[in-house]
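Just below is one structure, and these are the notes that go with it.
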Amino acid sequence: MKIKMKDGSIREAGFEEELGKNAFRHTTAHILAQAVKRLYPDTRCAIGPSIADGFYYDFDFAFRFSEENFAEIEAEMRKIVKENLQLRHFTADRRKAMQIMVESDEIYKVEMLEELPEDEEISFYQQGEYLEMCAGPHVAYTSAIKAFKLLSVAGAYWRGEEKNKMLTRIYGTSFPSEDMLAAYLNRLEEAKRRDHRKLGKELGLFALFEEGPGFPFFLPKGLILKNLLIDYWRRLHTKEGYVEISTPIMLNRQLWETSGHWEHYRDCMYTTSIDGADFAIKPMSCPGGMLIYKMEPRSYRELPMRISELGLIHRNEKLGTLHGLMRVRCCTQDDAHIFMTPEQIQDEIKGVARLIDEVYNDFGFQYHVELSTRPEDSIGSDEDWEMATDALKNALDALGLPYIVNEGDGAFYGPKIDFHLEDSIGRTWQCGTIQLDFQLPQRFDASYIGEDGKKHRPIMIHRVVFGSIERFIGILIEHFAGKFPLWLSPVQVKILTISDQYIDCAKAIEMTLKKAGLRCEVDERAEKIGCKIRTAQLEKIPYMLVIGEKEVQTNSVSVRKRDAGDLGSMSIDRLLEILRGEGI
């Protein structure tokens, strides 16, 4: 596939390469814009980039746009593809570019131009009559775009600012073949079927109310699931030598100024005033952990000190970005902070990486690793950043973990290793992270007495495994499509009676199973057994026990398994043997 670059040169790249995929989908966005301008000439264009799984374009329509318009736009896009238009690149100075955009009445492009230096050279791409101010890259001819689909429409504030006009964002995707497009659309349908918001409601796990946008409510079954994850997390951390703490949800402004959050993270924080002083609800737990470290003099003999916290944090996320449990304003972060000597850095990073690997393997996730480097908005010296980044690289190399470098995406106080897990339908989620921090110990003047009897500065690791309990639950719901493994299911066994006369027997079996440590329920409804089985299947219960006359007479239960169907009759002892084999 020929790719036309910003400098006018032509490069060859396949769709499987990042360059090829971005150019392919960026060009599809231009074809979309050209089709829109042909059909609705009064429309103004904003921006249209490629994104992870496709592209979008923001438009200012002169009428009420809806997905009903997709068919005629797609038809026009197909015409543009057939026309085999060449994408021609040229540049213009800012004055000429401004003239072009003013004459085209493209007010959003004009606004972008107004913010550029007067001597800026502006890049343009043209296909047929359509002209776009754009840095590229693009494919050489429109005929390269073999398969595409417009997917959805949403509102989007111009430049993401709520004070600006709401534009119409059209999302789409494109591929080099119809087969690849069909496979992707099938994955989208599967993702809709697994949507954690839909399943969370159907399974009675959590609720979202207008009275608290971004503040999820956990229902009884959902809280069982949350507590199971927390219990699992605590067992692992006890084994790994962590001690658990709990720090206040709100602390004063002075603390957040010392940590750097007030300057670098203020827009994401909720603040209030108490006794005439500014306070902030914590968006992160690290400053509180630092105060606990500093409570008393520390010796090198105490290090590494591994401190964990299931901290309730709040972040002022924009309303339009909220998404079920995946993006919330309040969550439980499975935080931990490790204080150590410089000599301990490698071993501690490797220990955390092994812990994260163990957790993801337990849940059946594969993952890949990214190393995120210094962002523009950061604190600390070049020397500290270089030392911290090298330490992370060396640990990854020592573990033999392949990784890619994500330039400029580190935390403001240090570089980080991010773990992106892959779910059962191939989507990736960033969850675990290891952040190496030289800055907070300096800002808080933390120290320890070394073997030489002198004061030294500890190094700090910030790390999470789940990321947040809430988001991890959302990922698990979609990963398992609500069919949790036995150990994680809020209800593990449902006991179903043929008629009311067997309720007492069912209750006795329920008591036996509960004493064995199982989470079980009896369906006492006056419904036919077929209805009860269907309900239990919809609830995705791992095991169903049917109790009728035959079972009572033979002191047995008829067992049905969620995906395997009828397992036949067996004794309670045999059932418990099977369940223990699955790890109850």
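- The minimum heavy-atom distance linking P304 with E348 is given by the pair CG-OE2, 3.3 Å.
- Under the 3.5 Å distance criterion, with hydrogens and angles disregarded, a donor-acceptor pair is assigned to the side chains of H196 and E478.
- When only modelled atom types and interatomic distance are considered, K282 and T247 share a side-chain donor-acceptor pair under 3.5 Å.
- Considering all non-hydrogen atoms of both residues, I224 and P490 come closest at CG2-CA, 3.9 Å.
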*Take R253 and E257 through the test salt bridge (Lys or Arg N to Asp or Glu O under 4.0 Å) and record every step on the way to the result.*
CA-CA 6 Å; R253 173 175 176 169; E257 286 179 335; 2.8 Å; yes
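- A salt bridge links E189 with K192: the distance from a Lys NZ or Arg NE/NH1/NH2 to an Asp or Glu carboxylate oxygen falls below 4.0 Å.
- The CG atom of L513 sits 5.5 Å away from the CD1 atom of I495 when rounded to the nearest 0.5 Å.
- Looking only at side-chain heavy atoms (C-beta outward), L228 and Y232 stay at 4.5 Å or farther from each other.
- Going from atom NZ of K226 over to atom CG of L310 covers 9.0 Å, rounded to the nearest 0.5 Å.
- For the atom pair L486 CG and R519 CZ, the distance stands at 7.5 Å (nearest 0.5 Å).
- Geometrically, R169 engages Y56 in a cation-pi contact defined by less than 6.0 Å to the ring centre and at most 45° from the axis.
- There is a side-chain donor-acceptor pair under 3.5 Å between W429 and D423.
- In this structure, a donor-acceptor pair under 3.5 Å is absent between the side chains of S285 and Q333.
- To the nearest 0.5 Å, the span separating CZ on R329 from NE2 on H314 amounts to 11.0 Å.
- Put simply, CG on L436 and CD on Q439 are 10.0 Å apart, with the number rounded to the nearest 0.5 Å.
- Using a cutoff of 4.0 Å between basic side-chain nitrogens and carboxylate oxygens, R327 and E317 are scored as salt-bridged.
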Donor-acceptor pairs under 3.5 Å, side chain of residues 575-584 to any protein atom, not counting sequence neighbours: which ones?
| from | atom 1 | to | atom 2 | distance (Å) |
| --- | --- | --- | --- | --- |
| E577 | OE2 | R574 | NH1 | 3.1 |
| E582 | OE2 | Y543 | OH | 2.3 |
| E582 | OE2 | K561 | NZ | 3.1 |

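- Of the candidates L396, D418, I356, V369 forms a side chain to side chain contact (heavy atoms under 4.5 Å, CB included) with just one, namely L396.
- Both tests pass for R298 against the ring of Y293: distance under 6.0 Å to the centre and angle within 45° of the axis.
- Residue-environment remark: CD (Q366) stays at or below the threshold of 12 foreign heavy atoms within 6.0 Å.
- A donor-acceptor pair shorter than 3.5 Å cannot be found between the side chains of E309 and S246.
- In this structure the side chain of L545 reaches within 4.5 angstrom of the side chain of V493, judged on heavy atoms.
- In this structure, D382 pairs ionically with R374, as a charged nitrogen and a carboxylate oxygen lie closer than 4.0 Å.
- The closest donor-acceptor contact from the side chain of E302 to the backbone of S299 lies under 3.5 Å.
- Ring pair W256/H261 is perpendicular by interplanar angle, where above 60° counts as perpendicular and below 30° as parallel.
- Taking the six-membered ring where the residue is Trp, the centroids of H420 and Y367 are separated by 6.0 Å or more.
- Ring geometry, F206 versus F218: the interplanar angle falls from 30° to 60°, so the pair is classed tilted.
- Judged by distance alone, with hydrogens and angles left aside, the side-chain atoms of Y360 form a donor-acceptor pair with the main-chain N or O of V465 at under 3.5 Å.
- A 6.0 Å sphere centred on CD of Q254 holds no more than 12 heavy atoms belonging to other residues, nucleotides or ligands.
- With hydrogens and angles disregarded, a donor-acceptor distance shorter than 3.5 Å links the side chain of H479 to the backbone of S424.
- Inspection of the N361 and D357 side chains reveals an N or O donor paired with an N or O acceptor under 3.5 Å.
- Using a 4.5 Å heavy-atom cutoff, the side chains of D335 and S308 are not in contact.
- In this structure the side chain of T271 never reaches within 4.5 angstrom of the side chain of D278, judged on heavy atoms.
- Using the six-membered ring where Trp is involved, F363 and W487 have ring planes that are tilted, between 30° and 60° apart.
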Please table the atom pairs, donor to acceptor, closer than 3.5 Å between any side-chain atom in residues 407-415 and protein atoms at least two apart or in another chain.
| from | atom 1 | to | atom 2 | distance (Å) |
| --- | --- | --- | --- | --- |
| E407 | OE1 | T373 | OG1 | 2.9 |
| D409 | OD2 | N406 | ND2 | 3.2 |
| Y413 | OH | Q435 | OE1 | 2.4 |

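- Residues L203 and L538 share a closest heavy-atom pair of CD2-O, 3.7 Å.
- Applying the side-chain hydrogen bond (donor to acceptor under 3.5 Å, both in side chains) rule to pairs touching residues 201-224 yields K198-E202, sequence neighbours excluded.
- In summary, the side chains of S381 and E383 do not present any donor paired with an acceptor at a separation below 3.5 Å, with no hydrogens or angles considered.
- The environment of E386 atom CD is sparse: at most 12 non-hydrogen atoms of other residues, nucleotides or ligands sit within 6.0 angstrom.
- Using a 4.5 Å cut-off on side-chain heavy atoms (C-beta onward), I313 and T332 make no contact.
- Remark: the backbone N or O of F55 is not paired with any side-chain donor or acceptor of R25 at under 3.5 angstrom.
- Judged purely by atom type and a 3.5 angstrom limit, D384 has no side-chain atom pairing as donor or acceptor with the backbone of G380.
- The closest side-chain donor-acceptor pair between T173 and D53, if any, does not fall under 3.5 angstrom.
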